[in-house]
*Asks:* 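Sharing a structure, written as structure tokens. Questions coming.
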Amino acid sequence: MNFLSLIEAKRDGRILEAADIKAFVCAYVAGKIPDYQTAAWLMAVHFRGLTREETSALTLAMRDSGDTLRFPKDSRPLVDKHSTGGVGDKVSLPLAPLLACLGFRVPMISGRGLGITGGTLDKLESIPGFTTGLDLERIVATVQSVGCVICGQTARMVPADKGLYALRDVTGTVPSIPLITASILSKKLAENLDALVLDVKFGAAAFMPTLERANELAVAMVELGNTCGVNTRALLTNMDRPLGRAAGNWLEVKEAVDCLDGLGPPDLRELVLTFAAHLLAQTGKAKSLAEGHAQAQAGLDSGQPRSKWDEMLAAQGADLKEFNRKLAQGHQAPVVRELKSERDGYVTSCDARSIGEVVRDLGGGRLTKETVINHDVGMDQLAAPGETVSFGSILCRVHAADQAQAEAALKRLKSAFVISEIPEKPAPLIASVVET
Ligand code: URA
């Protein structure tokens, strides 16, 4: 195929035929298009956009670039949640086992870190032995027996997203509404779901900086999901501040376990329960959101999702003994340093973008496709907006590979926290719900 003409057409703002988009995806997956040309096309899309029809064609071509999941008939609905990406966003980790305990099947195909946002797969790979690369048969078998699985795209399943996702990450082409829509929905449609809830983040550390842009993305995804037969909703959630008190792969796994143990930070718990409540309402397992919320809360507090988490880990190859030893012994990076408040007051802002950039630069994220992640680095004990601090209180702890990196991170983090004499009510975590 003459791919150069597709790059030029999009560069000049022309609309592409569905057949051409499909041919591009097939050729890309077959390795017939070099990365430099694909990157040029992605950049053209980033600037020129895609129409609704082009976005739908790209999504379906990406979904069909490999096999899709086929599940046996079962009374348990197939559901999933996916986030557009945030800092400290570990919701999927406690949510998947909770949903399994609430009588759902959850075939969660997740992603790696993108830009400064963390990735579910990178977090899970900080667990000894845990494998995110499962074949289709094992995904279906694990979902049927355990109720949930969290894994990645493979050479057989949504391979187009596997390649394009990694390329977008390092070519500045992530924050594009059609590319995010196609990336997320190609994976979710390959799961053959009954219901899907999306976490569309807005704010300083999100790919959509404003609520308006996030709403545009949410409407695009909700419309396409529903058109494709999946009951789809989106929640618009705030990403000006990090979610929870920890950012960084291993530190976030620990916080997810805290949430399953009933000790999790309130904002993480609120999102986990709210997403579960929506899925219960979407599938008719709850008559209202309030009823769904009560069911989700009882489910989480029963302690069963914590055991389900262990079951999922074991089914995906984790060495549970070693994992629990790491948890019990408080495994951490070689250097841990505290950032302390230099005054009394109220935390009015904790800048999620700076936190995400520092985590990435400590080695917790990628700057190139070849970057090897350091799972142990990051931050915890992050002070949240609304909190009172006094001189010498901890604003956060930096976990680093060595003293020099810890020192550099502490310097950069000083301006990430704003302490004021006047208290300010933090903005709500959930701004609105899109159900079109
Ligand atoms: N998550 C995805 O799976 N894809 C994106 O493009 C952004 C977030």
Side-chain angles (χ1 to χ4, degrees), residues 25 28 38-39 41-43 45-46 49-50 54-56 58-63 65-66 80-93 95-96 106-124 132-133 150-154 157-191 193 196-203 205-209 213-214 216-218 220-222 224-225 230 232 234-237 239 243 252 271 275 352 356 360 365-366 369:
V25 172
Y28 174 71
T38 307
W41 186 77
L42 292 170
M43 192 56 88
V45 170
H46 182 264
L50 294 179
E54 287 175 307
T55 306
S56 167
L58 179 62
T59 307
L60 298 181
M62 286 170 65
R63 175 197 66 185
S65 63
D80 198 0
K81 164 257 163 200
H82 199 94
S83 160
T84 56
V87 172
D89 180 5
K90 70 282 292 171
V91 169
S92 293
L93 306 185
L95 182 62
V106 191
M108 196 178 265
I109 305 176
S110 298
R112 299 198 172 276
L114 266 185
I116 58 161
T117 68
T120 300
L121 302 182
D122 296 327
K123 296 175 217 252
L124 286 167
T132 55
I150 308 181
C151 59
Q153 324 92 317
T154 67
M157 196 175 49
V158 219
D161 187 57
K162 189 174 166 70
L164 293 176
Y165 191 95
L167 201 51
R168 286 169 57 221
D169 187 26
V170 292
T171 54
T173 50
V174 175
S176 148
I177 288 180
L179 294 179
I180 295 177
T181 301
S183 166
I184 292 182
L185 285 186
S186 60
K187 292 190 282 283
K188 301 299 111 175
L189 295 176
E191 296 171 359
L193 299 173
L196 169 66
V197 67
L198 297 162
D199 183 356
V200 180
K201 304 232 172 259
F202 64 91
F207 296 120
M208 298 295 120
R213 286 281 287 164
E216 219 183 294
L217 173 60
M221 290 199 288
V222 168
L224 187 53
V230 180
T232 308
L235 269 63
L236 302 183
T237 69
M239 194 23 76
L243 186 71
E252 291 189 48
L271 280 196
F275 285 120
R360 180 199 57 200
R366 292 179 186 80
K369 270 166 83 171

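First listed ligand is number 1; within each ligand, the first listed atom is number 1.
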*Asks:* Less than 4.5 Å apart, side chain to side chain, heavy atoms only: is that true for Met62 and Leu189?
*Replies:*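 No - every pair of side-chain heavy atoms lies 4.5 Å or more apart.
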*Asks:* Could you check atom 1 (N) of ligand 1 against the protein and tell me its nearest heavy-atom contact, residue, atom and distance included?
*Replies:*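 For atom 1 (N) of ligand 1, the nearest protein heavy atom comes out as His82 NE2, 3.4 Å.
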*Asks:* Locate the shortest heavy-atom distance separating Ser83 from Asp89; write the atom from each residue and the value.
*Replies:* OG-OD2, 2.8 Å
*Asks:* Among the heavy atoms of Val174, does any lie under 4.0 Å from an atom of ligand 1?
*Replies:* no
*Asks:* I need the atoms of ligand 1 closer than 4.0 Å to a non-hydrogen atom of Ser83, numbered in the order shown.
*Replies:*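 Here the atoms of ligand 1 in question are 1 (N), 8 (C).
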*Asks:* Closer than 4.0 Å to some heavy atom of Leu114 - which atoms of ligand 1 meet that?
*Replies:*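 Counting atoms of ligand 1 from 1, those under 4.0 Å from Leu114 are 5 (C), 6 (O), 7 (C), 8 (C).
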*Asks:* Considering only heavy atoms, does Thr84 approach ligand 1 within less than 4.0 Å through its side chain, its backbone, both, or neither?
*Replies:*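 Contact part for Thr84 vs ligand 1: backbone (N, CA, C, O).
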*Asks:* Going by the rule side chain to side chain donor-acceptor pair (under 3.5 Å), which residues pair with Thr232 if we only count those two or more places apart in sequence or in a different chain?
*Replies:* none
*Asks:* Which bit of Thr117 gets closer than 4.0 Å to ligand 1, counting heavy atoms only: side chain, backbone, both or neither?
*Replies:*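 No part of Thr117 comes within reach of ligand 1.
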*Asks:* We want to know whether Ser186 and Asp161 form a side-chain donor-acceptor pair, criterion being a heavy-atom distance below 3.5 angstrom.
*Replies:* no
*Asks:* From Cys151 SG over to Lys187 NZ, what is the distance, rounded to the nearest 0.5 angstrom?
*Replies:*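 Rounded to the nearest 0.5 Å, the SG-NZ separation comes to 11.5 Å.
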*Asks:* Does Tyr165 approach ligand 1 within less than 4.0 angstrom via side chain, backbone, both or neither, non-hydrogen atoms only?
*Replies:*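 Side chain only.
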*Asks:* Among all protein heavy atoms, pick the one closest to atom 4 (N) of ligand 1 and tell me residue, atom and distance.
*Replies:* Ser183 OG, 2.6 Å
*Asks:* List the closest protein heavy-atom neighbour of atom 3 (O) of ligand 1: residue, atom name, distance to the nearest 0.1 Å.
*Replies:*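 For this ligand atom, the closest protein heavy atom is Lys187 NZ, 2.6 Å.
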*Asks:* Would you call Val230 and Lys188 a side-chain contact if the rule is heavy atoms closer than 4.5 Å?
*Replies:*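 The answer is no, as the side chains (C-beta and beyond) never meet within the 4.5 Å cut-off.
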*Asks:* Looking at Arg366 and Asp122, does any basic side-chain N land under 4.0 Å from a carboxylate oxygen?
*Replies:*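 Looking at Asp122 together with Arg366, the answer is yes, because their closest N to O distance falls below 4.0 Å.
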